[in-house]
Visitor: 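Take this structure first; my questions come after.
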Number of protein chains: 2
Amino acid sequence: MSLTMCTLGIHGAPMRYSEVSRNIPGVSQKMLTQTLRSLERDGMVRRTVTPVSPVRVDYELTDLGRSLYALIAQVRDWAHENADAVDHARATYDKL
Amino acid sequence: MSLTMCTLGIHGAPMRYSEVSRNIPGVSQKMLTQTLRSLERDGMVRRTVTPVSPVRVDYELTDLGRSLYALIAQVRDWAHENADAVDHARATYDKL
DNA sequence: CGGAATCCATTTAGATACTG
DNA sequence: CAGTATCTAAATGGATTCCG
């Protein structure tokens, strides 16, 4: 979920399904679809279907989604900045 | 997890196990213990055992935990502020 | 291309009983 | 008081197959 929102958030512009998928290595088609659907249902993501052949589907954050993305990005950055501290705490805890 | 950190964060001072438990209605004893243990392992929570009888155990956020709590509190506030928007989006989506 | 549907292994969480 | 241990039910996630 966070990864999906971060992917759409960083990119900014609408992204096709395959494009989102490529940017989240290891995600299964089922999970990505499921996540995008629930984000769409919650009003975080807008899904646009263009009925050409083959069909084209674009995803992008809504305003609501962008406001949440701003917070998620902060948490993501916190995680990067404090990864070492957490690793150290774990190593210390596990040694006991 | 978030609820546990919020409970400890809002309170500020050390809290006893039973006190934390009372502030998170519906949490099972197993889940609370499990959550507190993993938070302790990650360096977010400090656990202090006072060997009186009956034993006294206090939990409180570490500095690292407090820095994460600040972000979690923002997300919690965002959720409160945007609950209506999300509810509306869901109602609209589900009507289709 | 962008999925839906199904099956199955794994994970997770709740209930319950017991303990230093 | 503050847990641990165990069992089971439910939710979750991956792999696979098929479709407009």
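Chain naming here is simple, since letters A, B, ... match the order of the sequence lines and numbering starts at 1 in each.
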Visitor: Can you check the A:Glu40 CD to C:dG2 P distance for me, whole Å?
Guide: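 After rounding, the gap between these two atoms is 15 Å.
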Visitor: Among residues two or more places apart or on two chains, list those pairs meeting salt bridge (charged side-chain N to carboxylate O under 4.0 Å, His left out) that have a residue in residues 86-96 of chain A.
Guide: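 The answer is A:Arg90-B:Asp42, A:Asp94-B:Arg41.
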Visitor: Starting at atom CG of B:Leu3, determine the distance to atom P of C:dA13, rounded to an integer number of angstrom.
Guide: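 So the two atoms are 13 Å apart, to the nearest Å.
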Visitor: Can you give me the N/O atom pairs linking the protein to nucleotides 5-12 of chain C at distances under 3.5 Å, or say none if there are none?
Guide:
none

Visitor: Pick the nucleotide of DNA chain C nearest each of B:Gly26 and A:Thr33; which residue has the one closer to the 5' end?
Guide: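 So the residue in question is A:Thr33.
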Visitor: Report yes if at least one side-chain N or O of A:Ser28 is closer than 4.0 Å to OP1 or OP2 of D:dG14; otherwise report no.
Guide: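 True: A:Ser28 side-chain N/O within range (under 4.0 Å) of D:dG14 OP1/OP2.
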Visitor: Return each pair, listed once, that meets salt bridge (charged side-chain N to carboxylate O under 4.0 Å, His left out) where at least one residue sits in residues 54-69 of chain B; pairs must be two or more places apart or across chains.
Guide: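 The answer is B:Arg46-B:Glu60, B:Arg56-B:Asp58, B:Asp63-B:Arg66.
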Visitor: Can you measure B:Arg16 atom CZ to D:dA2 atom C1' for me and round it to whole angstrom units?
Guide: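 Interatomic distance, CZ of B:Arg16 to C1' of D:dA2: 9 Å.
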Visitor: Considering only residues two or more places apart or on different chains, which pairs with a residue in residues 68-86 of chain A satisfy salt bridge (charged side-chain N to carboxylate O under 4.0 Å, His left out)?
Guide: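 Residue pairs with at least one partner in residues 68-86 of chain A: there are none.
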Visitor: Is B:Leu3 reachable from B:Leu39 through a run of hydrophobic residues whose side-chain heavy atoms are each under 4.5 Å from the next?
Guide: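 Yes; B:Leu3 is reachable from B:Leu39 via cluster members.
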Visitor: For B:Gly43, does its backbone N or O pair with a side-chain atom of B:Thr62 as donor and acceptor, under 3.5 Å?
Guide: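 Yes; at least one donor-acceptor contact below 3.5 Å.
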Visitor: Name all residues meeting the side chain to side chain donor-acceptor pair (under 3.5 Å) criterion together with A:Asn23; count only those two or more places apart in sequence or in a different chain, and write none if there are none.
Guide: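 For A:Asn23, no residue satisfies side chain to side chain donor-acceptor pair (under 3.5 Å) once neighbours in sequence are set aside.
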Visitor: For A:Thr92, check side chain to side chain contact (heavy atoms under 4.5 Å, CB included) against everything at least two apart and list the hits.
Guide: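 Here the qualifying residues are A:His88.
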Visitor: Between D:dA2 atom P and B:Met15 atom CE, what is the distance in whole Å?
Guide: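 B:Met15 atom CE is separated from D:dA2 atom P by 11 Å.
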Visitor: What is the distance from CZ of B:Arg37 to C1' of D:dA5, rounded to the nearest Å?
Guide: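 Spelled out: CZ on B:Arg37 to C1' on D:dA5 is 14 Å.
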Visitor: For B:Ser38, enumerate each residue passing the side chain to side chain contact (heavy atoms under 4.5 Å, CB included) test, keeping only those at least two apart in sequence or located in another chain.
Guide: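 For B:Ser38, no residue satisfies side chain to side chain contact (heavy atoms under 4.5 Å, CB included) once neighbours in sequence are set aside.
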Visitor: To the nearest Å, how far apart are B:Leu32 CG and D:dT4 P?
Guide: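 Interatomic distance, CG of B:Leu32 to P of D:dT4: 11 Å.
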Visitor: Any residue in residues 43-61 of chain A with a heavy atom nearer than 4.0 angstrom to DNA chain D? Just list them by number, or reply none.
Guide: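 Of all residues in residues 43-61 of chain A, none places a heavy atom under 4.0 Å from DNA chain D.
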Visitor: Among pairs that include at least one residue of residues 1-27 of chain A, which meet salt bridge (charged side-chain N to carboxylate O under 4.0 Å, His left out), considering only residues two or more places apart or in two chains?
Guide: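 Matches after skipping sequence neighbours: none remain.
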Visitor: Can you give me the bend angle of the helix from C:dC1-D:dG20 to C:dG20-D:dC1? Use the axis through the first five pairs and the one through the last five, nearest 10 degrees.
Guide: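 Roughly 50° between the end axes, to the nearest 10°.
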Visitor: Report the residues that fulfil side chain to side chain donor-acceptor pair (under 3.5 Å) with A:Ser67, sequence neighbours left out, ordered by chain and then residue number.
Guide: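 If we apply the side chain to side chain donor-acceptor pair (under 3.5 Å) test to A:Ser67, skipping adjacent residues, the hits are B:Trp78.
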Visitor: With B:Met31, which residues qualify under side chain to side chain contact (heavy atoms under 4.5 Å, CB included), at least two apart?
Guide: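 With neighbours one apart ignored, the set is B:Val27, B:Ser28, B:Gln34, B:Thr35.
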